Novice: 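I have a structure here, written as structure tokens, and I will follow up with some questions on it.
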Amino acid sequence: MQIAEHIRMVDDEGRLLAAVAEEAGVDAKVSTCPGWEIRDLLRHQGAVHRWATSYVADGLLKPQRMEDRSDLDGDALFAWYREGHRRLVDTLTEARPDVECWAFLPAPSPLAFWARRQAHETTVHRVDAESALSRIGGHEPTAITPEFAVDGIDELLTGFHARERSRVRSDVPRTLRVRAVDTDAVWTVRITRDPPAAERGDTGEAECELSGGAARLYLALWNRLPFPEVTGDQGLAALWREQSGV
């Protein structure tokens, strides 16, 4: 996906998150994030949006702490979230393609990284907001396209879990396959004492395969839904579920 497509997703998903959150109300429980209410979700996502904006807008080259606005609630919280989201979209849209700033995953450019990362960050948390509304009743989750879901799975497997901070480890080497059945996308993930090593493609034997439609698989790998289908060693699927929290 191109930078402009990711920015459009940041814009659309961020607006939808706010609308859904407002309909649910700040006291609503977020089913997909135990212990969180909508107010916690908005404080977190609003802080992440401002944090991301600061790197691109100010050309920051070192990691910075995120803002803590646990004092905000009610209408002031919604206004703060919306203002930060709008500034993020405007900053990404107006940034020079060659802007230099800190990024924490490999990408063609820092701008490409931040646009992609915020697109998926905002989408997953929009799903969280919708889980609060669904809990109240009568809300159907907004669809995620297979193309966008595949992009997000790829970021998660080849980016997030390639970092030292990934807790997905095994003393005995294991091989996990991830297959999006409504696309041609497949990944092979080798799990050892080191960070997981994921590669695109159906390479070698795998002890366990996680498969399903790309959108459902995307949310399952982010621990928002059960795995659609597990073939082979159920213990390896459980290892992912237990250790893959980001």
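Just so it is clear, the structure is predicted and the values come from calculations on it, not from any experiment.
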Novice: Give me the one residue out of Leu41, Asp128, Val124 that meets side-chain contact (heavy atoms from CB on, under 4.5 Å) with Thr32.
Specialist: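 That would be Asp128.
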Novice: For His120, run the side-chain contact (heavy atoms from CB on, under 4.5 Å) check against Phe148, Phe160, Trp222 and tell me which one passes.
Specialist: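 With His120 as partner, side-chain contact (heavy atoms from CB on, under 4.5 Å) holds for just one option, Phe148.
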Novice: Could you check Gln118 against Leu88 for side-chain contact (heavy atoms from CB on, under 4.5 Å), going step by step and ending with a plain yes or no?
Specialist: CA-CA 9 Å; Gln118 290 309 297; Leu88 171 63; 4.0 Å; yes
Novice: Could you check whether Glu199 pairs with Arg190 (Lys NZ or Arg NE/NH1/NH2 to Asp/Glu carboxylate O, under 4.0 Å)?
Specialist: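 A salt bridge is present here (some side-chain N lies under 4.0 Å from a carboxylate O).
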Novice: Going by distance alone, is a donor N or O of one side chain under 3.5 Å from an acceptor N or O of the other, for Ser109 and Asp98?
Specialist: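 Their side chains do not contain a donor-acceptor pair, so the 3.5 Å distance test is not met.
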Novice: Which pair of heavy atoms, one from Pro196 and one from Val189, lies closest together, and at what distance?
Specialist: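 For Pro196 versus Val189, the nearest heavy atoms are CB-CG1, 3.9 Å.
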Novice: Is the cationic atom of Arg163 (NZ for Lys, CZ for Arg) positioned less than 6.0 Å from the six-membered ring centroid of Phe104 and within 45 degrees of its normal?
Specialist: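 No; the conditions do not both hold, so Arg163 does not lie above the ring face of Phe104.
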Novice: With a 4.5 Å limit on heavy-atom distance, are the side chains of Arg216 and Leu225 in contact?
Specialist: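 A side-chain contact exists here, since the closest heavy-atom pair is under 4.5 Å.
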Novice: Counting the benzene-type ring for Trp, do Trp240 and His161 have ring centres under 6.0 Å apart?
Specialist: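 They qualify: ring centres under 6.0 Å apart.
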Novice: When you check the gap from the basic side-chain N to the acidic O, do Glu83 and Arg50 get nearer than 4.0 Å?
Specialist: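 Answer for the salt bridge query: yes.
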Novice: Charged N to carboxylate O under 4.0 angstrom, Glu130 versus Arg126?
Specialist: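 Result for this pair is yes, salt bridge flagged.
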Novice: Can you confirm if the aromatic rings of His44 and Trp36 lie within a centre distance of less than 6.0 Å?
Specialist: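 Judged by ring-centre distance (under 6.0 Å), Trp36 and His44 do meet the cut-off.
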Novice: Assess whether a salt bridge exists between Arg174 and Asp233, defined as any Lys/Arg side-chain N lying under 4.0 Å from an Asp/Glu carboxylate O.
Specialist: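 A salt bridge links Arg174 with Asp233.
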Novice: Compare every heavy atom of Pro173 with every heavy atom of Glu207, then report the nearest pair and how far apart it is.
Specialist: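 That would be OE2-O, 3.9 Å.
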Novice: Name the one of Asp202, Val150, Leu221 that satisfies side-chain contact (heavy atoms from CB on, under 4.5 Å) with Trp187?
Specialist: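 The side-chain contact (heavy atoms from CB on, under 4.5 Å) with Trp187 is passed solely by Val150 among Asp202, Val150, Leu221.
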Novice: Quick one: closest heavy-atom pair of Arg43 and Leu72, and the distance?
Specialist: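 Looking at all heavy atoms of both residues, the shortest contact is NH2-O, 2.7 Å.
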Novice: Report yes or no: do Thr122 and His85 form a side-chain donor-acceptor pair below 3.5 Å?
Specialist: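 No, no side-chain donor-acceptor contact under 3.5 Å.
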Novice: Considering non-hydrogen atoms only, spot the tightest contact between Ala115 and Ile7 and give its length.
Specialist: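 Looking at all heavy atoms of both residues, the closest pair is CB-CG1, 4.0 Å.
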Novice: Considering only NZ, NE, NH1 and NH2 on the basic side and carboxylate oxygens on the acidic side, decide whether Asp11 and Arg86 come within less than 4.0 Å.
Specialist: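 Salt bridge present between Asp11 and Arg86.
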Novice: Tell me which pairs pass salt bridge (Lys or Arg N to Asp or Glu O under 4.0 Å) where either residue lies in residues 141-159, with sequence neighbours left out.
Specialist: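 Checked against salt bridge (Lys or Arg N to Asp or Glu O under 4.0 Å) - neighbours excluded - the pairs reaching residues 141-159 are Arg116-Asp151, Arg116-Asp154, Arg117-Glu155, Asp154-Arg200.
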Novice: How long is the span from the CZ atom in Arg69 to the CG atom in Leu42, to the nearest 0.5 Å?
Specialist: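 Between Arg69 CZ and Leu42 CG, I get 13.5 Å after rounding to 0.5 Å.
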